[in-house]
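Let me give you the structure first, and then I'll get to my questions.
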Amino acid sequence: TLSMCGLSLSHKTATPLEKNPWHISIKVARPGKGVESCKGALVSPYFVLTAAHCFDINDQAHWITVDVGKTTSNKVVSLFSHPDYNIGKLRSEGIPEFYDYDVALVKLEKRITFSPETRPICLPCTEGTTRALRRPHPKTSCQDHERQLLKVGDVPSFFVHEKKPALERKEVLIKNGPKKWACQADAKKATIYVNVTDVAQVVTPRFLCTGGIEPVVDPNTCKGDSGGPLIITQNRRYIQVGVISWGVFDVCNLKNKGKVPPYARDFHLNLFTVLPWLKEKLAEEQLGFL
Ligand SMILES: CO[C@H]1CCN(Cc2c(C)cc(C)c3[nH]ccc23)[C@H](CO)C1
């Protein structure tokens, strides 16, 4: 039987993890280089979905620890970054970091047993999401999922910011209508993109854009939120539509303290743009990809 995805407990006394049971914390301890912190989402008994930029080509599996539910340091067996991810691809054009296809799957050594604080989130174009959307199977298509989840306009969504011991939900609007172009244009205000002439060079069709102050002030991501899920709620079920990739302004960086500019935008890898890769890597996880 396909286990149900995107469920969570929401009563007042539920713990942060019971409320966000898909939440994963990832740490990469590089000898002599300190620890890099990222987040991820549990998507099946063996796999965590995160950002490719959390890892370096030289990272050893034993440098990576993955906290799932209450158990810390689950062993990583393998790491599958998207084949088209290449952070240095545009270096020759004076663009030091390029985040296109910034998505990775981490395979755990031991199969995770689900529990009230450990449950998978729903992925687009799977049977679990068809059920979460209360749509008929097999009549419902992947395109139906995209039309229902990523409607044209400002789409309500949220990400989870870890502020130990709490997990805070940050509600943001995906600018998926007329505001999309202004959202993307603000990418050029990022310090490292000073050489960018056409914003389309760095904001490729793989990205969803959040942040800014119209129609309301959106909270922004921090570097440490990288890899976490961008989530849309439907009928109290949680569906991941994006992976937090990069932002123009790190609100957690103390030197940026207190002053968040209106051009602070965040960019998330749109999972609808990497479905063939997801389907291939998760083929054995019985998620029922459409
Ligand atoms: C385009 O230029 C910027 C790229 C990435 N930014 C770092 C960064 C990463 C890597 C990932 C996430 C989720 C971030 N959220 C906010 C900042 C931030 C720095 C600016 O801080 C330079």
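Treat the numbers as computed from the prediction; the structure is a model and nothing was measured. Each residue takes its place number in the sequence, starting with 1. When a ligand or atom number is given, it counts from 1 through the structure's own listing order.
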- Would you say His53 has any N or O atom under 3.5 Å from an N or O of ligand 1, going by distance alone?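 No; every N/O pair is 3.5 Å or more apart.
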Check your understanding: So which heavy atom in the protein is nearest atom 15 (N) of ligand 1, and how far is it from that ligand atom?
Key ->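 Ranking protein heavy atoms by distance from atom 15 (N) of ligand 1, first comes Thr221 OG1, 2.8 Å.
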(Q) Suppose I only count heavy atoms of Ala190 and a 4.0 Å limit; which atoms of ligand 1 are within that range? (A)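 With Ala190 as reference, the close atoms of ligand 1 come out as 1 (C), 2 (O).
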| query | Which option out of Phe249, Phe98, Tyr193, Tyr99 puts a heavy atom nearest to atom 16 (C) of ligand 1? | reply |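 That would be Phe249.
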Check: Taking the six-membered ring for Trp, is the centroid-to-centroid distance between Tyr193 and Trp246 below 6.0 Å?
Finding: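 They qualify: ring centres under 6.0 Å apart.
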**Message:** Within the structure, is a non-hydrogen atom of Asn256 found at a distance of less than 4.0 Å from ligand 1?
**Reply:**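 No; Asn256 lies far enough from ligand 1 that no heavy-atom distance drops under 4.0 Å.
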Under 4.0 Å, counting heavy atoms only: does Ile192 come that close to any atom of ligand 1?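 It does; at least one heavy atom falls under 4.0 Å.
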Residues Asp218 and Thr210: side-chain donor-acceptor under 3.5 angstrom: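 The answer is no; no qualifying pair exists.
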Under a plain distance cut-off of 3.5 Å, with no hydrogens placed, do Asn58 and Arg30 share a side-chain donor-acceptor pair?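 Judged by distance alone, the side chains do not pair up.
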* **Top protein contact for atom 3 (C) of ligand 1, by heavy-atom distance** =>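 Result: Gly247 O, 3.5 Å.
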| said: With a sphere of 6.0 Å drawn around NZ of Lys89, does it hold more than 12 non-hydrogen atoms of other residues, nucleotides or ligands? | reply: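 No.
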Min heavy-atom dist Cys252 to ligand 1 below 4.0 Å:
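For ligand 1, residue contact (heavy atoms, under 4.0 Å) with Cys252 is absent.
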**Message:** I'd like to check which ligand 1 atoms, numbered from 1 as shown, lie under 4.0 Å from a non-hydrogen atom of Ile244.
**Reply:**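 It comes down to these atoms of ligand 1: 13 (C).
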I need the atoms of ligand 1 closer than 4.0 Å to a non-hydrogen atom of Ser226, numbered in the order shown.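 Once the distances to Ser226 are compared, the set is 11 (C), 12 (C), 13 (C).
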| Hey, are the side chains of Asn270 and Leu150 touching, using non-hydrogen atoms and a 4.5 Å cut-off? |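 With C-beta onward as the side chain, the pair touches.
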message = Out of all atoms in ligand 1, which are within 4.0 Å of some heavy atom of Asp250? Include the element for each.
response =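 Here the atoms of ligand 1 in question are 16 (C), 17 (C), 21 (O).
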message: A quick test of your reading: do over 12 heavy atoms of other residues, nucleotides or ligands sit less than 6.0 Å from NZ of Lys163?
response: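 No, NZ of Lys163 has 12 or fewer neighbouring heavy atoms, counting only those of other groups under 6.0 Å.
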**Prompt:** Any cation-pi pair here, Lys107 with Tyr46, using under 6.0 Å and within 45°?
**Reply:**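 The answer is yes, since Lys107 meets both limits relative to Tyr46.
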### Task
Measure across Phe207 and Val202 and return the closest heavy-atom pair with its distance rounded to 0.1 Å.
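Taking Phe207 first and Val202 second, the nearest heavy atoms are CE1-O, 3.6 Å.
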query = So which heavy atom on Glu171 is nearest to which on Pro219, and how close?
reply =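 So the minimum-distance heavy-atom pair works out to O-CD, 3.0 Å.
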Give the residue, atom name and distance (to 0.1 Å) of the protein heavy atom nearest atom 8 (C) of ligand 1.
->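 That would be Lys223 CG, 3.9 Å.
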- Atoms of ligand 1 less than 4.0 Å from Val248 heavy atoms?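 Once the distances to Val248 are compared, the set is 20 (C).
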Query - For ligand 1, the portion of Ala187 having any non-hydrogen atom under 4.0 Å away - result: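 Under 4.0 Å from ligand 1, Ala187 contributes no heavy atoms.
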